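Heads up: numbering here begins at 1 and tracks the sequence. Predicted, not measured: the structure shown is a model, and the values here were computed from it. Indexing begins at 1, ligand by ligand and atom by atom, following the structure's order.
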Amino acid sequence: MRLKFTKMHGLGNDFVVIDAISQRVLLDEKRVRAIADRRFGVGCDQILLVEIPSSPDVDFRYRIFNADGSEVENCGNGARCFAKFVTDRKLTGRSSIRVETANGKMTLHLQNNGEVTVDMGIPVLNPEHIPFTAAEQATHYPLEHNGIQYTIGAVSMGNPHAVLTVGSTETAEVETIGAAIETHPRFPKRVNVGFMEVIHRGEINLRVFERGAGETLACGTGACAAVVAGCLQNLLDSNVKVNLPGGSLTIQWQGPDTPVLMTGPATTVYHGQIRL
Ligand SMILES: N[C@H](CCC[C@H](N)C(=O)O)C(=O)O
């Protein structure tokens, strides 16, 4: 199978974006892993598959696959790249694009400066729906691993996130602690793990060990989850600059039962094709 694709990134979180509207695409876990492989394939953190929508009230549907082949519910940086992709390919002329993912429907707004604002929906805090095993909903939870006690926030942006507050993202043991918590048994669908350093109530540094991909240079849903957890713990205000290794995002959240808004860039690197 010959596949045309576009290589894109959101602050260094990189994607292979595939138009499954104008070409026939058959992806399985093995093919996803082959494409995402940074030595033997194209290389990316996630694959985005653009499809015809299944309901009339949205413009597109897109599916998200991690580099390990797992299909997931939501991808913040991917949503911005998706909006740029369909606009640049003239698949739509709209500046506000309705799209559905496995998590549901969202609206993407193209800004005049080339950035994209995504309504990421209302964060899910009920542990049962994250999913996360806990006796009751709380602003933070104790989590034990190998005799070490951690304190986390737990939030779903459609995909599950654990958020740790650290003194410094530079010295945080992202690789070891991230890998341990990603597969912690209290997260039955695994989890993305964020390491948040609060600079002040309007700015944080953040690193994210992503479920199914490892540490990435940026994580949009992770930035949203960190701000939600930080607000719930009364560490942050409603408009936060989130500094990730790949660059900064603006996250806005007015509190429980309101949507999280994420604003940031999307970049096209090159167009290519691969034979699988
Ligand atoms: N690894 C994530 C999916 C990609 C999220 C991230 N790339 C973003 O920008 O939100 C998960 O398994 O839920």
Quick check on the 6.0 Å ring-centre criterion: do Phe85 and Tyr62 meet it? no

When you check the gap from the basic side-chain N to the acidic O, do Asp19 and Arg89 get nearer than 4.0 Å? yes

Which heavy atom of the protein is the closest neighbour of atom 2 (C) of ligand 1, given with residue, atom name and distance? Asn192 OD1, 3.2 Å

Nearest protein heavy atom with distance in Å, relative to atom 9 (O) of ligand 1: Gly220 N, 2.8 Å

In the protein, what heavy atom is nearest to atom 1 (N) of ligand 1, and what distance, to one decimal place, separates them? Glu210 OE1, 2.7 Å

Has Ala213 got any heavy atom lying under 4.0 angstrom from an atom of ligand 1? no

What part of Asn66, side chain from CB on, backbone N/CA/C/O, both or neither, has a heavy atom under 4.0 Å from ligand 1? side chain

Ligand 1-proximal atoms of Gln46, by part, heavy-atom distance under 4.0 Å: side chain

So that I can tick it off, tell me whether Arg211 and Glu73 are bridged by a salt bridge, with the cut-off set at under 4.0 angstrom between side-chain N and carboxylate O. yes

With a 4.0 Å heavy-atom cut-off (strictly under), which part of Asn77 contacts ligand 1: side chain, backbone, both or neither? both

Quick test of your reading of the model: are Asp28 and Arg33 salt-bridged, counting only N-O distances below 4.0 Å? no

Salt bridge between Lys105 and Asp59, side-chain N to carboxylate O under 4.0 Å? no

Which residue and heavy atom of the protein sit nearest atom 7 (N) of ligand 1, plus the separation: Asn13 OD1, 2.8 Å

Within the 4.0 Å heavy-atom shell around Asn74, which atoms of ligand 1 are there? 3 (C), 4 (C), 5 (C)

Under 3.5 Å side-chain donor-acceptor pair for Asn159 and Asn74: no

Would you name the heavy atoms of Leu249 and Gly220 that are closest together and state the gap between them? CD1-CA, 4.0 Å

For ligand 1, which atoms, with element, lie under 4.0 Å from some heavy atom of Val72? 3 (C), 11 (C), 12 (O)

At less than 4.0 angstrom from any non-hydrogen atom of Asn159, what atoms of ligand 1 do you find? 2 (C), 11 (C), 13 (O)

Any nitrogen or oxygen of Gly76, side chain or backbone, less than 3.5 Å from one on ligand 1? yes

Short question: side chain of Gln23, backbone of Lys4 - any donor-acceptor pair under 3.5 Å? yes

Could you check whether any heavy atom of Cys219 sits closer than 4.0 Å to an atom of ligand 1, since that is the contact criterion I want to use? yes

Closer than 4.0 angstrom, basic N to acidic O: yes or no for Arg98 and Asp119? no

Is Asp45 close enough to touch ligand 1? Criterion: a residue heavy atom under 4.0 Å from a ligand atom. no

Proximity of Thr221 to ligand 1 by residue part, where a heavy atom lies under 4.0 Å: both

Looking only at heavy atoms, is any part of Ile64 under 4.0 Å from ligand 1, and if so is it the side chain, the backbone, or both, or is it neither? neither

Would you tell me whether Gln137 and Glu128 have side-chain atoms, one donor and one acceptor, within less than 3.5 Å of each other? no

